[in-house]
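Take a look at the structure below.
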Amino acid sequence: MAARPAGAVAAPPPEELGALHADVLAWYAREARDLPWREPGASAWGVLVSEVMLQQTPVARVLPVWRAWLRRWPTPADLAAAPAGDAVRAWGRLGYPRRALRLHAAAAALVERHGGRVPSDHAVLLALPGVGAYTAAAVAVFAHGGRHAVVDTNVRRVHARLVSGAAQPAPALSAAETALAEALLPEDDATAARWGVAVMELGALVCTARAPGCAACPVADRCAWLRAGAPPAAGPTRRTQRWEGTDRQARGRLLAVLRAADGPVADVDLAVAWPDEAQRSRCLASLLDDGLVVPAAGAAYALPR
DNA sequence: AATGCGTGGAC
DNA sequence: TGTCCAAGCAT
C-alpha cells in the first residue's frame with residue numbers, strides 16, 4: 001500500500017468509481033458542446049492550437065480565431081513558413097500574445113524535429129514552447145487518445161468539491177491533486193480520454209466557479225462538498241492586481257498599435273498610445289526582449305518577421 | 001513559490 | 001462599478 005502525499009484524499013473504491021465514471025460519461029454524451037476541435041475530423045494540430053488559445057481564455061472568444069487560424073495555417077508547416085508577426089496579428093485580442101509567438105516556435109520545432117507532425121508522447125509535447133503539463137496531457141489525450149490525467153482549473157474545481165469537499169481548489173496545483181486525478185482515471189485508454197474531457201466539461205458548464213448548477217449535476221448525490229452543506233471557501237482570498245496604469249496595460253496598448261499597422265510604427269506614434277515616456281520605454285524593452293517587437297529603421301518598431 | 005503576463009464578459 | 005473569472009506557462 002503506497003502512502004499518499006500529505007493532504008491527499010482517497011479515491012472512491014472501485015464499485016463507486018465505476019458508477020461515478022458512468023454517470024459523468026452519460027452526462028457528457030448528453031450535454032457536451034459541439035466544439036470544432038472535438039469533431040472526429042479535427043487534426044492533432046487543431047487540438048494543439050485550441051489548447052494554447054484556451055489557456056486563460058474563454059471558449060467563445062477562441063472560436064472565431066481558431067477557425068481563421070486553421071483555415072490559414074492548416075498544418076504546422078504552414079505556420080512555420082509564415083513570419084512570427086503574422087501569428088501575432090492573427091492572434092488578435094485573445095490576450096497573452098506571447099502564446100502566439102510560442103505557438104509559432106512550436107510549429108517550427110514540429111517541422112524540425114517531428115516531421116511536421118504533432119507527437120503523442122507527453123514528455124515530447126512538454127518540450128515544445130508554450131506547452132506545459134496541462135497542455136501536453138490535453139494533446140496526448142484529446143488528439144491521440146492516450147491515458148493521462150488532464151488537470152486544468154475546471155478539473156481541479158470538480159475534484160475539490162466532489163472528492164475533497166472543498167468549495168475551491170488550493171491556489172497551486174499539488175502533487176496530491178495530481179495523484180488523485182490519476183487515481184480517478186478509468187483503466188482503458190478510450191474511456192480515460194472521454195473521462196478527461198467530460199470532467200472538464202462538467203466544470204465548465206455545471207460545477208462552475210460562481211453559482212454552480214448543482215441541481216443539474218449528474219453526481220450531486222456523490223458530492224462531498226454538498227454532503228458537507230456546501231461550506232464557503234476557506235482561507236485568504238487572492239488579492240486582485242490593479243489594472244489601470246500597469247505595464248500589462250501599456251504593453252497591450254503598444255502591441256495593439258503595432259498589430260493594427262501594416263509595417264513599422266514610429267516611436268512618436270507609439271507615444272500617442274502610451275504617453276508616459278519612462279513606462280513606454282520599459283515596456284518596449286520588455287516587448288523586444290520577448291521577441292514580440294523588433295526594432296525597425298528610423299526610431300521605429302515592428303512585429304517580428 | 002510567487003510573479004508577470006491581456007482581454008473582455010458577467011455579476 | 002469594481003471584482004472575479006476564463007482549457008496556463010515561464011521564470
Side-chain angles (χ1 to χ4, degrees), chain A residues 32-33 35-38 46-66 88 91-103 105-106 125-143 148-159 167-175 177-178 181 193 196-205 207-212 233 236-259 273-274 282-283 285-287 289-293:
Chain A
R33 292 167 291 182
L35 299 174
W37 46 84
R38 286 182 185 162
V47 172
L48 173 59
V49 172
S50 78
E51 290 302 338
V52 174
M53 288 184 174
L54 287 163
Q55 291 167 3
Q56 302 282 282
T57 306
V59 167
R61 209 174 313 159
V62 165
L63 278 168
V65 182
W66 183 90
V88 174
W91 198 256
R93 305 187 69 78
L94 283 184
Y96 294 146
R98 293 188 292 195
R99 292 182 292 166
L101 222 45
R102 291 179 181 142
L103 191 51
L125 287 162
L126 200 50
L128 295 171
V131 175
Y134 162 75
T135 302
V139 172
V141 173
F142 304 150
H148 301 274
V150 180
V151 187
D152 76 327
T153 187
N154 290 304
V155 172
R156 295 188 66 217
R157 190 172 53 248
V158 172
H159 289 174
Q168 295 175 353
L173 177 63
S174 67
E177 277 184 78
T178 302
V197 72
V199 176
M200 281 181 63
E201 193 78 336
L202 187 63
L205 298 184
C207 194
T208 51
R210 285 181 302 192
T237 56
R238 268 271 175 274
R239 78 180 302 95
T240 69
Q241 202 202 10
R242 83 179 194 289
W243 172 250
E244 275 314 305
T246 59
D247 283 6
R248 290 163 82 160
Q249 186 185 33
R251 284 170 52 109
R253 291 267 176 85
L254 295 171
L255 207 55
V257 172
L258 286 157
R259 276 198 311 264
W274 201 266
R282 180 171 71 244
C283 289
S286 77
L287 288 167
D289 190 58
D290 286 345
L292 281 165
V293 173

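Below, read A as the first sequence line, B as the second, and so on, with proteins coming before strands; counting in each chain starts at 1. Please read all numbers here as calculations on a predicted model, not as lab measurements.
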A:R61 side chain reached by A:R93 side chain, heavy atoms, under 4.5 Å:
no
Does a side-chain N or O from [X] land closer than 4.0 Å to OP1 or OP2 of [N], or not?
| X | N | answer |
| --- | --- | --- |
| A:R259 | B:dT7 | yes |
| A:R99 | B:dC5 | no |
| A:T135 | C:dC9 | yes |
| A:R38 | C:dA7 | no |
| A:Q56 | C:dG8 | yes |

Just to be sure I understand the rule, does [X] reach a base, reach only the sugar-phosphate, or reach nothing, if contact means heavy atoms closer than 4.0 Å?
| X | value |
| --- | --- |
| A:T153 | sugar-phosphate |
| A:R210 | base |
| A:A133 | sugar-phosphate |
| A:V62 | nothing |
| A:R61 | base |
| A:L255 | nothing |
| A:S50 | nothing |
| A:W91 | nothing |
| A:L35 | base |
| A:A209 | sugar-phosphate |

So does [Y] get a backbone contact from the side chain of [X], meaning a donor-acceptor N/O pair under 3.5 Å?
| X | Y | answer |
| --- | --- | --- |
| A:R156 | A:V151 | no |
| A:E51 | A:V47 | no |
| A:R98 | A:D290 | no |

Distance check needed: [N] [atom2] versus [X] [atom1], whole Å only.
| X | N | atom1 | atom2 | answer |
| --- | --- | --- | --- | --- |
| A:L63 | B:dT7 | CG | P | 20 Å |
| A:R253 | B:dG8 | CZ | P | 11 Å |
| A:L292 | B:dT7 | CG | P | 11 Å |
| A:R282 | B:dG4 | CZ | P | 12 Å |
| A:Y96 | B:dG6 | OH | P | 7 Å |
| A:D289 | C:dT11 | CG | P | 10 Å |
| A:L173 | C:dA7 | CG | C1' | 14 Å |
| A:L254 | B:dT7 | CG | P | 10 Å |

When you measure from the side chain of A:W37, which nucleotide among C:dC5, B:dC5, C:dA7 comes out closest?
C:dA7
Between C:dA7, C:dC9, B:dG6, spot the one nearest the side chain of A:Q55, thanks.
C:dC9
Any idea which heavy atoms bring A:L125 and A:V131 closest together, and the distance?
O-CG1, 3.1 Å
Which residue lies more 5' along DNA chain B, comparing A:R93 with A:T246 via nearest heavy atoms:
A:T246
Considering heavy-atom distances to DNA chain C, does A:V59 or A:L128 have its closest nucleotide positioned more toward the 5' end?
A:V59
Point-to-point distance, once rounded to the nearest 0.5 Å, from OG1 of A:T153 to CE of A:M200
10.0 Å
From A:W274 CH2 over to A:R253 CZ, what is the distance, rounded to the nearest 0.5 angstrom?
5.5 Å
Please report the distance separating the P of B:dG4 from the corresponding atom of C:dA7, rounded so that it comes out in whole Å.
23 Å
Which value, in whole Å, describes the distance between the P atoms of nucleotides B:dG8 and C:dA10?
24 Å
Between B:dG4 and A:R248, counting only base atoms on the nucleotide and side-chain atoms on the residue, is there a donor-acceptor pair under 3.5 Å?
no
